[in-house]
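On a predicted model such as this, the values are computed, not experimentally measured, just so you know.
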Amino acid sequence: MKSLSITGLILLAVSALLFYLTTDFAVEQIKISHIMGIMAGVGIGLIIGGMVGYLSKGSAIKAEQKKKNSSSFRKKKKNWKSRRQTLQNARLSLKSKIKILKYKFEDLKLLFSVVD
């Protein structure tokens, strides 16, 4: 944006210099070609400004979308980690319950072997 402003100022200075060289800044010497040149300059400036604005808006939208996607990814990653931790805790709990059941089963085996 800054370089575009500098380019605009340089072109404005060049147009003022050309206007001075052709008319000596006398209002009586302004012709229709000067007015056509001014209108063409404004039109070109509007076209260039519109394109730069469109491109910068597109870049801003893409950056915002990328930021939104990365924050969404972080949330999903955090959710996955918590789910993984929950599953690991459940697995450990099941392992300990299986060990307890094995010991109880062994005790029952011993009890029934003594009875026979």
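Listed by chain and residue number, nothing satisfies the side-chain contact (heavy atoms from CB on, under 4.5 Å) test with K78 (two or more places apart in sequence, or in another chain). For Q85, the side-chain contact (heavy atoms from CB on, under 4.5 Å) partners are Q88, N89, not counting sequence neighbours. With sequence neighbours excluded, the residues forming a side-chain contact (heavy atoms from CB on, under 4.5 Å) with N79 are S82, R83, listed by chain and number. For K68, the side-chain contact (heavy atoms from CB on, under 4.5 Å) test picks out no residue, with sequence neighbours left out.
The line from OG of S59 to CD of E64 is 12.5 Å long, rounded to the nearest 0.5 Å. The distance from the OG atom of S70 to the NZ atom of K75 is 10.5 Å, given to the nearest 0.5 Å. Of the inter-residue distances, the one linking I98 atom CD1 with R91 atom CZ reads 10.5 Å to the nearest 0.5 angstrom.
Counting only residues at least two apart or on different chains, no side chain to side chain donor-acceptor pair (under 3.5 Å) pair has a member in residues 93-103.
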